[in-house]
Amino acid sequence: MKKQNEGVEVVENGNDTLLRKTDAALFAWPWKNLGNYKYLLYGPFLAKFIHSMYWKESMEDIWCLHILVLCALRGLVHQLWSTYNNMLYLNRTRRVSQQGIDYEQIDHEWDWDNFLILQAIVGSFVYLNFPSLVNLPLWDVRGLISCLILHIGISEPLFYWMHRLLHSSHLFPLYHWHHHESKITHPFTAGHATFLEHLLLCVVIGIPTLGTAFIGYGSIIVMYSYILAFDFLRCLGHSNVEIIPHSLYQRVPLLRYVIYCPTYHSLHHQEMKTNLCLFMPLYDMLGNTLNTAPWSLHKEISSRTSTDERAPDFVFLAHIVDIMSSMHAPFLFRSFSSGPFSTRLFLLPMWPFAFVVVLAMWLKTKTFLFSFYNIRGRLNQTWIVPRAGFQYFLPFAAEGINKLIEEAILRADRIGVKVISLAALNKNESLNGGGTLFVNKHPNLRVRVVHGNTLTAAVILNEIPRDVNEVFLTGATSKLGRAIALYLTRQRVRVLMLTKSTERFMKIQREAPVECQKYLVQVTNCKEAKQCKTWIIGKWSTPREQSWAPSGTHFYQFVVPPIIPFRRDCTYGKLAAMRLPKDVTGLGTCEYTMGRGIVHACHAGGLVHLLEGWTHHEVGAIDVDQIDVVWEAALKHGLKPLYNSP
């Protein structure tokens, strides 16, 4: 629990209370309050370069371009490391910490790239005061040697002693605690520090680069190479994925003192008093702060195989909704995926590339691990079927999609998953009968296959005010539509069921108790609901269809994707969803358009199935008698409704 008061952050951790200063000198960044407008600080560099090139017709300000290019490349280095770090389907067995990064850490590290702006400004001061640096040659091999000597001989020990000082009882509560907020290391953690610490880091970087230039051996390649290598190694150390094979350390034992590994630095973020070096554990050995425990863990991580990883207890089997939302992934843009999906301008240039990737996945790819979180000692994962929504409506694609879903279910069964919940179109009635195809084909499944729509129906029904006596229902003969209609008739609510199939309507009507059948009314167009102010949308609704709703109508919906809200005089609910319990940990990704900590009701339904320990499959038609049972179970386990009612 944290409290902010007059520049002091009070952190209550069990019986311990820690005081950490937040208003120390040079703690905050000067552009802290600018938000995304901070990137305008790069504007003068671009303007000066353009002015020099087109108006002065000279390249005397080429250094501005070098700074901009270098900042872009450094940002790319961090982004590529972040991408790899979050590709769970590639590196899950080599993760140092098995815990996930939550929203709180993501928010703390949101402005990880502040240091790039700072170093761009510092670089401009250096160039303006030492104009000779503009005329550096492209390459000088003596510069490479000099740079390495200066780094190993000065920068490494300087950083070590500065870092050790920052861990002192006086300075740690003032500054360095901010960096150690991040318990699970990530490449962006490397940039997460106070203004003062990054000023000190400018000195560490500047000694080899400027020192080489001042002795006359500087070159453009050495300047770029050193700075990019510096960032690369910083990201490597803060990566939560071990990439250096243990066999390399075995073949060359001295190497472990020359270059650190992610396991080595991860321990520092846990214990903090040891492994303080920049890149070379040699200085920890010389300073008597070397902890060799990571090398044993490093060996264990390097020997892991897929059979050694922990099997999840619950799997939510989702799919790509559309091309644009395919970029809402933590391995692309972590910050973007930590909020609900919405179309952003920066995504538009990448749409063609995303489209090509989605098509390429169609050719050869399998279901893959996307994200995970923990709840009450249980590991829950989201797996993705690599198919976009539009592909589910292609007749020739159905067999291939069902094969992918079936393989995922069999894999889950093989590794010991208890419940697998089918999301959205993965449980389409026309595709696989809401999951019945797989249960009937494999009657001995140990994993429980769940569509979760019982809870979806419960969420929608509990959002409807108790005093409503008439509703208009589209998608009325679908799995959800049928359950909603039958439930409401038992409550003596008149249901206008939009369907042109009298046969399907009569079949549902006969399922209702005899005394309730009169509450089900077949309608064939939206015009017949022009007096009804409660619309439940289970099928895409056009602007013309919505126009028949009277003013003040509230639209509940279970159609994916949600309908576009055309009516300003009406209100629109969101898709059925529930908020996860507070004891969920390691969750840092939002589910499509859902907010933080909120999941689709079918996801919540599968989770309830797990927490209750139910042993039946939930496939095919919804058991109306179970709607209230599942709802009460969800509330009992701490899931909370959002209530989309007006």
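In this text, all values refer to a predicted model and were calculated from it rather than measured experimentally.
Under the side chain to side chain contact (heavy atoms under 4.5 Å, CB included) criterion, S182 pairs with Q105, E109, T189, H192, not counting sequence neighbours. Residues passing the salt bridge (charged side-chain N to carboxylate O under 4.0 Å, His left out) test with R544, sequence neighbours excluded: none. Qualifying side-chain hydrogen bond (donor to acceptor under 3.5 Å, both in side chains) partners for K418, counting only residues two or more places apart in sequence or in other chains: D313.
H328 and F336 have perpendicular rings, their planes meeting at more than 60° on a 0 to 90° scale where under 30° would count as parallel.
For Y37, the OH atom sits in a loose shell: 12 or fewer heavy atoms of surrounding residues, nucleotides or ligands are nearer than 6.0 Å.
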Less than 3.5 Å apart, which donor and acceptor atoms pair up between the side chains of residues 615-624 and the rest of the protein, not counting sequence neighbours?
unit_1, atom_1, unit_2, atom_2, d
H617, ND1, V449, N, 2.9
E618, OE2, H451, ND1, 3.2
E618, OE2, G452, N, 3.4
E618, OE2, N453, N, 3.4
E618, OE2, T454, N, 3.1
E618, OE2, T454, OG1, 2.7
D623, OD1, D625, N, 3.0

Just list the side-chain donor-acceptor pairs under 3.5 Å for residues 402-409, sequence neighbours left out, or say none.
unit_1, atom_1, unit_2, atom_2, d
N402, OD1, N432, ND2, 3.2
N402, ND2, L431, O, 2.9
E406, OE1, K441, NZ, 3.3
E406, OE2, K441, NZ, 3.1
E406, OE2, H442, NE2, 2.6

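With H609 as the partner, the ring-ring contact (aromatic ring centres under 6.0 Å, His included) test is satisfied by one option alone out of F314, F316, W614: W614. The salt bridge (charged side-chain N to carboxylate O under 4.0 Å, His left out) test with E511 is passed by exactly one of R482, R504, R490: R482. Partner of L642 under the side-chain contact (heavy atoms from CB on, under 4.5 Å) criterion, out of M578, M594, R579: R579 alone.
Listed by first and then second residue, the ring-ring contact (aromatic ring centres under 6.0 Å, His included) pairs involving residues 467-501 are F472-W535 (not counting sequence neighbours).
Of the possible polar contacts, one joining the E591 side chain to the H600 backbone as a donor-acceptor pair under 3.5 Å is found.
For R411 and W383, the positive end sits near the middle of the six-membered ring, less than 6.0 Å away and at most 45° from its axis.
Once rounded to the nearest 0.5 Å, the distance linking CD1 of I460 with CD1 of I484 reads 4.0 Å. In this structure, CD1 on I508 lies 10.5 Å from OG1 on T489, to the nearest 0.5 angstrom.
Comment: D107 engages R596 in a salt bridge, judged by a side-chain N to carboxylate O separation of less than 4.0 angstrom.
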